[in-house]
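Accompanying notes for the structure given below.
Excluded from the calculations below are hydrogen atoms, water molecules and symmetry mates; all remaining heavy atoms, backbone and side chain alike, are included. Throughout, numbering of the chain's residues begins at 1 and tracks the sequence.
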Amino acid sequence: MTEELFDVVNERDEVIGRQSRSEVHRRGLMHRAVHVLVFNAAGQVFLQKRSLKKDRQPGVWDSSTSGHVESGEDYDACAVRELREEIGLELESAPQRGFKLAACAETDQEHVWVYRCEAEGPFRLDPDEIERGGWFAPAEVTRWMTSRPQDFASALLVIWERLAHGVG
């Protein structure tokens with residue numbers, strides 16, 4: 001399997017080059033990613049526990065789905081692809097955009113569009129990506145993050161903080 005190629009971007013999220021995944025991460029280059037939060041009708045959010053096989057932040061809880069935008073791909077197409085690949089959720093169009101995070105240390109130098117959608121599951125979890133998943137009440141997630149932030153992906157902590165303050 002050939003290594004993924006990412007668009008390298010500047011602080012304004014403008015494409016300035018293209019590099020392999022390993023090179024982007026090794027050199028700490030800015031690139032693009034998406035996070036999607038899936039809520040059910042009861043208002044619970046589906047979170048995934050990242051597989052221990054992951055090269056970045058293995059074994060921590062993360063957004064319902066997340067992933068890198070591939071070179072030449074746009075954010076919306078990536079959100080649809082990640083939902084399908086990671087949890088088996090098929091959408092005909094991109095979920096609702098919430099807000100965008102600028103690349104920073106907490107996002108692993110990723111410019112991130114955060115999306116949200118509603119679905120009930122059950123989901124088909126990709127075992128290479130996800131150890132397990134579960135539905136959680138938002139208040140429970142907030143309490144858990146406050147007491148044990150180390151259990152969560154750093155980008156999700158930033159995303160959840162924005163949500164808690166009504167942004168997005």
Side-chain angles (χ1 to χ4, degrees), residues 4 6 13 21 25 31-70 73-104 106-168:
E4 295 170 284
F6 299 158
D13 196 14
R21 173 192 177 104
H25 286 155
H31 54 296
R32 295 171 169 165
V34 300
H35 280 249
V36 183
L37 295 171
V38 179
F39 290 87
N40 64 19
Q44 297 170 310
V45 63
F46 183 83
L47 298 180
Q48 62 159 284
K49 187 165 191 212
R50 295 170 61 84
S51 166
L52 292 173
K53 301 174 190 173
K54 300 293 286 180
D55 64 337
R56 309 300 267 199
Q57 300 189 30
V60 296
W61 288 90
D62 204 351
S63 299
S64 309
T65 66
S66 62
H68 293 101
V69 178
E70 295 175 353
E73 185 179 41
D74 67 30
Y75 286 103
D76 288 355
C78 179
V80 170
R81 177 177 56 78
E82 290 294 340
L83 284 164
R84 182 183 67 248
E85 290 177 358
E86 290 192 0
I87 65 172
L89 180 58
E90 299 277 350
L91 295 183
E92 292 185 20
S93 60
Q96 175 189 353
R97 279 188 177 195
F99 54 90
K100 189 176 184 184
L101 298 175
C104 61
E106 292 80 14
T107 66
D108 207 12
Q109 297 306 322
E110 297 166 351
H111 287 282
V112 178
W113 261 107
V114 178
Y115 295 80
R116 70 180 293 144
C117 66
E118 201 170 288
E120 299 302 314
F123 302 122
R124 285 186 330 274
L125 307 183
D126 179 342
D128 290 330
E129 300 280 339
I130 303 171
E131 181 183 309
R132 69 180 188 269
W135 293 102
F136 301 93
E140 177 186 358
V141 174
T142 300
R143 283 192 301 275
W144 185 8
M145 286 181 171
T146 301
S147 65
R148 293 195 47 86
Q150 67 273 22
D151 289 354
F152 296 90
S154 56
L156 180 58
L157 292 169
V158 174
I159 290 165
W160 202 257
E161 180 72 17
R162 289 272 303 263
L163 287 174
H165 289 94
V167 181

Side chain to side chain, Leu89 and Cys117, heavy atoms closer than 4.5 Å
yes
For Glu85, what residues pass the salt bridge (charged side-chain N to carboxylate O under 4.0 Å, His left out) criterion, not counting sequence neighbours?
Arg81
For Trp113, does its backbone N or O pair with a side-chain atom of Arg97 as donor and acceptor, under 3.5 Å?
no
Should Arg132 and Trp61 count as side-chain neighbours, where that means a heavy-atom distance under 4.5 Å?
yes
Salt bridge (charged side-chain N to carboxylate O under 4.0 Å, His left out) with Asp74: which residues, sequence neighbours excluded?
none
Side chains of Ser64 and Phe39: closer than 4.5 Å at any heavy-atom pair?
no
So do the side chains of Arg162 and Val114 get within less than 4.5 Å of each other, counting heavy atoms only?
no
Side-chain donor-acceptor distances from residues 146-155 under 3.5 Å, at least two apart:
{"from": "Thr146", "atom 1": "OG1", "to": "Thr142", "atom 2": "O", "distance (Å)": "2.9"}
{"from": "Ser147", "atom 1": "OG", "to": "Arg143", "atom 2": "O", "distance (Å)": "3.3"}
{"from": "Ser147", "atom 1": "OG", "to": "Trp144", "atom 2": "O", "distance (Å)": "3.3"}
{"from": "Arg148", "atom 1": "NE", "to": "Asp151", "atom 2": "OD1", "distance (Å)": "3.3"}
{"from": "Arg148", "atom 1": "NE", "to": "Asp151", "atom 2": "OD2", "distance (Å)": "2.9"}
{"from": "Arg148", "atom 1": "NH2", "to": "Asp151", "atom 2": "OD1", "distance (Å)": "3.0"}
{"from": "Asp151", "atom 1": "OD2", "to": "Trp144", "atom 2": "NE1", "distance (Å)": "2.7"}
{"from": "Ser154", "atom 1": "OG", "to": "Gln57", "atom 2": "NE2", "distance (Å)": "2.9"}
{"from": "Ser154", "atom 1": "OG", "to": "Glu106", "atom 2": "O", "distance (Å)": "2.6"}

Any salt bridge (Lys or Arg N to Asp or Glu O under 4.0 Å) pairs touching residues 54-67, not counting sequence neighbours?
Arg21-Asp55, Arg50-Asp62, Lys54-Glu129, Arg56-Asp108
According to ring pair (Phe, Tyr, Trp, His ring centres under 6.0 Å), who are the partners of His25, at least two apart in sequence or on a separate chain?
His31, His68
Within a strict 4.5 Å, meaning less than it, do heavy atoms of the Ile87 and Phe46 side chains meet?
yes
Quick one: do Leu83 and Val38 satisfy side-chain contact (heavy atoms from CB on, under 4.5 Å)? Show the steps, please.
CA-CA 9 Å; Leu83 284 164; Val38 179; 3.9 Å; yes
Donor-acceptor contacts, no H, no angles, side chain residues 119-128, under 3.5 Å, sequence neighbours left out:
{"from": "Glu120", "atom 1": "OE2", "to": "Ala41", "atom 2": "N", "distance (Å)": "2.7"}
{"from": "Asp126", "atom 1": "OD1", "to": "Asp128", "atom 2": "N", "distance (Å)": "2.8"}
{"from": "Asp128", "atom 1": "OD1", "to": "Lys53", "atom 2": "NZ", "distance (Å)": "3.2"}

Qualifying residues under side chain to side chain donor-acceptor pair (under 3.5 Å), relative to Gln44, sequence neighbours excluded:
Asn40
Compare all side-chain heavy atoms of Leu37 with those of Ile159 and state whether any distance is below 4.5 angstrom.
yes
Is any side-chain heavy atom of Leu91 closer than 4.5 Å to one of Tyr115?
no
Should Met145 and Leu156 count as side-chain neighbours, where that means a heavy-atom distance under 4.5 Å?
yes
